[in-house]
Amino acid sequence: MGRFGAVSAVLAAVLTTLSIPCPAAAAAAQRFPVIAQIPAGNAFWDYAAVVPQDHRLYVSRENGVTAVDTRTQKAIVRLAPGKQVHAFVPLSGGRALITNGAADTAVILRRSDGKTLATIATGHKPDGAGFDPATGLVLVCDGISHDILFIDPRTAKVVGRIAVEGEPESPVFDGAGHAFLNIADKSEIAVIDTRAKTILKRYPLPDCGDASGIGLDQASGVILSTCNDFKAVATDSKSGRILGTVPIAKYPDAMITDQARHRFYVPCIIPGVLVVVGLGPDRAPRVIAKATMAPGVHTGALDPTSGRLYLPAGLIQIPKTPGARPTVAPGTFKILVVDVTR
């Protein structure tokens, strides 16, 4: 995701003063305890995904894909190569699709060993992506081309494209043929008909700058979108009606939705916290907890079978060269394992 250039000066000043907390101390101090930390190299990271049947967590990295065995907590630091990998989308048949933001490609690979099975040309800077269960297609969002590609993972072919007139973030799906995604620079949600491959509606997100993370609680139909001004906005997925706002921390990015517990997990870079958002009887959002985690947390993945939330963290270093990518201070990258069942 592309919001680190704009905050480089602040991050450089603040993150260097922070340290990763002790898991034991965190467990004693909060409801959502960090029960383990897993080292896994030093490359910068983006989205993550858990595949329960693989017993693996997959983390998209600056130089490829990291795989972590969720039983032994042992990591394969570079299961597959890549160039600014953003999304990791699990597919049937033991496969996955990743997006290479610096190579303008999507790659279908074998999850067991990372072997490339197909390479697909995309638009400029493919970033977020997701699998639509209604059509069996993968939607890939091009951050600079400002479009969405529809890829058939069975044939590894692009079967559609729509322009979105703004910077699309990662999509979420209702399972009935609709995708929802934030248009970061337009303060709105685009509603996509995935069968017709068209934009059905645009829901405004008033006063929500740089809308990044998005989650959909399928049972209630509530969408939660994060903003850069210390808040998240809940909307009704059918009407776009604003259901309420909640305070969060600074520089959120991806959001993790817990469908079983009807919660949204919002990791925020500064001060390195996890904001847990639930829903009231009227479907209005409410903050359940604000748990201290570690510097740099901004994405993650939930294992629905174990109730373990995985949050990559590390001391982010912002280069002085304009346009250069962030790095991670050596020895600081860890994947925090958080118990959300308590």
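Just the heavy atoms: all of them, side chains too, but no hydrogens, waters or symmetry mates, feed the values below.
The backbone N or O of A284 lies less than 3.5 Å from a partner atom in the side chain of D282, making a donor-acceptor pair. For K334 (side chain) and G331 (main-chain N/O), a donor-acceptor pair under 3.5 Å exists by modelled atom type. R56 places no side-chain N or O within 3.5 Å of a backbone atom of A49 that could act as its donor or acceptor partner. The closest donor-acceptor contact from the side chain of R31 to the backbone of A289 lies at 3.5 Å or more, if one exists at all. The main-chain N or O of K74 is found under 3.5 Å from a side-chain atom of T72 such that the two form a donor-acceptor pair. Remark: side-chain polar atoms of R202 are not paired, donor with acceptor, to backbone N or O of A190 under 3.5 angstrom. In this structure, Q37 contributes its side chain and V337 its backbone to no donor-acceptor pair below 3.5 Å. No donor-acceptor distance shorter than 3.5 angstrom exists from the side chain of S60 to the backbone of V65, with no hydrogens or angles considered. With hydrogens and angles ignored, the 3.5 Å screen pairs a side-chain donor or acceptor of R111 with a backbone N or O of R95. At least one donor-acceptor pair closer than 3.5 Å links the side chain of S187 to the backbone N or O of C208.
Residues P168 and G166 approach most closely at CD-O, 3.1 Å, considering heavy atoms. Contact record, P326 with I316: CB-CG2, 3.9 Å, taken as the closest heavy-atom pair. Minimum heavy-atom separation, K197 to G160: CD-CA, 4.0 Å. Nearest heavy-atom pair, T332 versus N42, reported as atom, atom and distance to 0.1 Å: N-OD1, 4.0 Å. Between I256 and P267 the shortest heavy-atom distance is CD1-CD, 4.0 Å. Smallest separation of non-hydrogen atoms from V51 and P90: CG2-CG, 3.7 Å.
Proximity of F230 to K250: side-chain heavy atoms (C-beta onward) are separated by under 4.5 Å at one or more points. Inter-residue side-chain proximity for L109 and I98 is flagged as met; some heavy-atom pair is nearer than 4.5 Å. With a 4.5 Å cut-off on side-chain heavy atoms, V191 and I199 do not count as touching. Side-chain contact between L97 and P153 is absent, with no heavy-atom pair separated by less than 4.5 Å. Considering only heavy atoms from C-beta on, S237 stays 4.5 Å or farther from V222 through its side chain. With a 4.5 Å cut-off on side-chain heavy atoms, F180 and P171 do not count as touching. Side-chain contact between I189 and I223 is present, with at least one heavy-atom pair separated by less than 4.5 Å. In this structure, K238 and H178 have side chains that are not in contact, with every pair of non-hydrogen atoms separated by 4.5 Å or more.
In the hydrophobic clustering of this structure, V107 does not group with V89; members are Ile, Leu, Val, Met, Phe, Trp, Tyr whose side-chain heavy atoms approach within less than 4.5 Å, directly or through other members. Linking Ile, Leu, Val, Met, Phe, Trp and Tyr whenever their side-chain heavy atoms come within less than 4.5 Å puts V340 and V297 in one cluster. Note on I318 and F44: same hydrophobic cluster, where clusters join Ile, Leu, Val, Met, Phe, Trp and Tyr whose side-chain heavy atoms are under 4.5 Å apart, directly or indirectly. Hydrophobic clustering, with ILVMFWY side chains joined whenever heavy atoms are under 4.5 angstrom apart, groups L137 together with L181. Under the 4.5 Å side-chain heavy-atom criterion for ILVMFWY residues, no single connected hydrophobic cluster contains both I76 and I38.
When each of I270, D210, T226 is checked for a side chain to side chain contact (heavy atoms under 4.5 Å, CB included) with P252, only T226 meets the rule. Looking at W45, Y47, Y265 one by one, the single match for ring-ring contact (aromatic ring centres under 6.0 Å, His included) with H298 turns out to be W45.
A distance of 11.5 Å separates OG1 of T341 from CG of L309, quoted to the nearest 0.5 Å. One distance of note links OG1 of T245 with CG of L205; it measures 11.5 Å at 0.5 Å rounding. The distance from the OH atom of Y203 to the CG atom of N182 is 13.0 Å, given to the nearest 0.5 Å. One distance of note links NZ of K186 with CD of E167; it measures 11.0 Å at 0.5 Å rounding. L79 contributes atom CG, which lies 8.5 Å from atom OG1 of T66 (distance to the nearest 0.5 angstrom). Interatomic distance, OG1 of T198 versus CG of D193, reported as 4.5 Å (0.5 Å rounding).
For residues 129-148, the set of pairs meeting the salt bridge (Lys or Arg N to Asp or Glu O under 4.0 Å) definition, not counting sequence neighbours, comprises D147-R161. Within the structure, the ring-ring contact (aromatic ring centres under 6.0 Å, His included) test picks out the following pairs touching residues 53-80 (sequence neighbours left out): Y58-F88.
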- Walk me through it: do K290 and F32 pass the test side-chain contact (heavy atoms from CB on, under 4.5 Å)? CA-CA 9 Å; K290 188 176 181 181; F32 294 90; over 6 Å; no
Begin with the C-alpha distance, continue with both residues' side-chain angles, and end with the deciding distance and a verdict on side-chain contact (heavy atoms from CB on, under 4.5 Å) for V140 and I151.
CA-CA 8 Å; V140 173; I151 293 176; 3.8 Å; yes
task = Could you check N100 against T105 for side-chain hydrogen bond (donor to acceptor under 3.5 Å, both in side chains), going step by step and ending with a plain yes or no?
result = CA-CA 5 Å; N100 283 306; T105 62; 3.3 Å; yes
Notebook entry, point to check: Would I192 and L200 count as a side-chain contact (heavy atoms from CB on, under 4.5 Å) if you check the C-alpha gap in whole Å, the side-chain angles of each, and the deciding distance to 0.1 Å?
Noted result: CA-CA 6 Å; I192 309 296; L200 285 177; over 6 Å; no
*Residues R308, V338; criterion side-chain contact (heavy atoms from CB on, under 4.5 Å); working and verdict*: CA-CA 6 Å; R308 299 294 185 258; V338 181; over 6 Å; no
* Determine, step by step, whether D69 and R71 satisfy the salt bridge (charged side-chain N to carboxylate O under 4.0 Å, His left out) criterion, reporting the C-alpha distance in whole Å, the side-chain angles of both residues, the deciding distance to 0.1 Å, and the verdict. => CA-CA 5 Å; D69 188 313; R71 297 165 297 183; 3.4 Å; yes
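Taking 4.0 Å as the cut-off between side-chain N and carboxylate O, R263 and D217 do not count as a salt-bridged pair.
For the side chain to side chain donor-acceptor pair (under 3.5 Å) test, no residue two or more places apart in sequence or in another chain qualifies with D207.
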